[in-house]
Amino acid sequence: MPKKYWLMKCEESECTFNELKERPGSVGHWRGVRNYQARNFLRDEMAKGDLVLFYQSNCETPGVGGVAEIARTGYPDPSAFDTSSRYFDEKSNPDEPRWFSVDVRWKRPLKRFVPLSDLKAAAELSEMKVVQRGQRLSIQPVTKAEFDLVCKLGGRA
DNA sequence: GCCAACGTTGGC
DNA sequence: GCCAACGTTGGC
């Protein structure tokens with residue numbers, strides 16, 4: 001199975017690149033995805049070793065700040081069963097999990113943060129969902145060419 | 001804070 | 001199964 005490439009959005013309030021920079025190799029639990037299309041990617045499509053563009057949303061300058069890899073593939077999202085979690089889903093049932101998590105390992109920051117405006121300015125990236133208006137999907141497949149170009153824009157091919 | 005775009009819910 | 005109302009995302 002060839003390696004796949006993804007873009008995963010994280011709100012700035014959930015994780016910051018500065019924190020991750022100081023913890024190379026650290027593993028994050030990807031919790032709280034409550035969208036069926038994104039769920040299907042987590043559950044069915046992601047494979048260990050797939051590479052991830054780490055995107056920060058909902059902040060002053062959204063964009064891609066680093067690269068991660070899938071460290072553990074889809075497993076039921078514990079936060080769906082945790083009544084104290086903001087992601088608790090009362091309709092979710094442990095016997096028939098509805099929501100899934102993956103774990104990602106932080107690999108490296110890009111030398112240069114690649115803001116969304118730069119992604120939009122690159123003609124070769126016009127097919128990326130993240131540059132398209134109204135596209136809110138928090139986990140998106142990207143092509144190898146797109147992945148490589150974003151890394152290159154970030155100062156490291 | 002605004003609001004466009006989209007997903008989900010629920011009445012019928 | 002339609003679709004209006006509502007809630008959320010997320011750029012600006």
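Below, chain A is the first sequence line, B the second, and so on; all start at residue 1.
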> Please give, in whole Å, the distance from B/dT8 C1' to A/Leu137 CG?
Replying inline: 15 Å
> So does A/Lys120 get a side-chain nitrogen or oxygen closer than 4.0 Å to the phosphate oxygens (OP1/OP2) of C/dC12?
Replying inline: yes
> Rounded to the nearest Å, what distance is computed from the CG atom of residue A/Leu119 to the C1' atom of nucleotide C/dC12?
Replying inline: 16 Å
>> Heavy atoms from C-beta onward define the side chain here; which of B/dG7, C/dG11, B/dT8 lies closest to that of A/Tyr36?
In response: B/dT8
>> In this structure, how many angstroms lie between the P atom of C/dG11 and the CD atom of A/Glu12, rounded?
In response: 11 Å
> A/Asp148 and A/Tyr5: side-chain donor and acceptor closer than 3.5 Å?
Replying inline: no
> Rounded to the nearest 0.5 Å, what separation is found between the CZ atom of A/Phe41 and the CG atom of A/Asp50?
Replying inline: 12.0 Å
> Whole Å only: how far is the CD atom of A/Glu14 from the P atom of C/dG10?
Replying inline: 11 Å
> Given C/dG10, C/dG11, B/dT9, which nucleotide is nearest the side-chain atoms of A/Leu116?
Replying inline: C/dG11
> Which heavy-atom pair separates A/Lys3 from A/Gly49 by the least distance, and what is that distance?
Replying inline: CE-O, 3.3 Å
> For A/Ile139 and B/dC6, what is the distance between atoms CD1 and P respectively, to the nearest whole Å?
Replying inline: 19 Å
> From the list C/dG11, C/dG10, B/dA5, which nucleotide is the closest neighbour of the side chain of A/Pro62?
Replying inline: C/dG11
> C/dG11, C/dG10, B/dG7: which one has an atom nearest the side-chain heavy atoms of A/Lys9?
Replying inline: C/dG10
>> Rounding to an integer number of Å, can you tell me how far A/Glu60 CD sits from B/dG1 C1'?
In response: 15 Å
> Considering only B/dT8, B/dC6, C/dC12, which nucleotide approaches the side chain of A/Arg136 most closely?
Replying inline: B/dC6
> Are A/Arg31 and A/Asp82 close enough for a salt bridge, meaning some N to O gap below 4.0 Å?
Replying inline: no
> Is any side-chain N or O of A/Tyr55 closer than 4.0 Å to OP1 or OP2 of C/dT9?
Replying inline: no
> Between C/dC12 atom C1' and A/Gln56 atom CD, what is the distance in whole Å?
Replying inline: 17 Å
> How long is the span from the CZ atom in A/Arg98 to the CZ atom in A/Arg34, to the nearest 0.5 Å?
Replying inline: 9.5 Å
> Rounded to whole angstrom units, what separation is found between the CZ atom of A/Arg86 and the C1' atom of C/dT8?
Replying inline: 11 Å
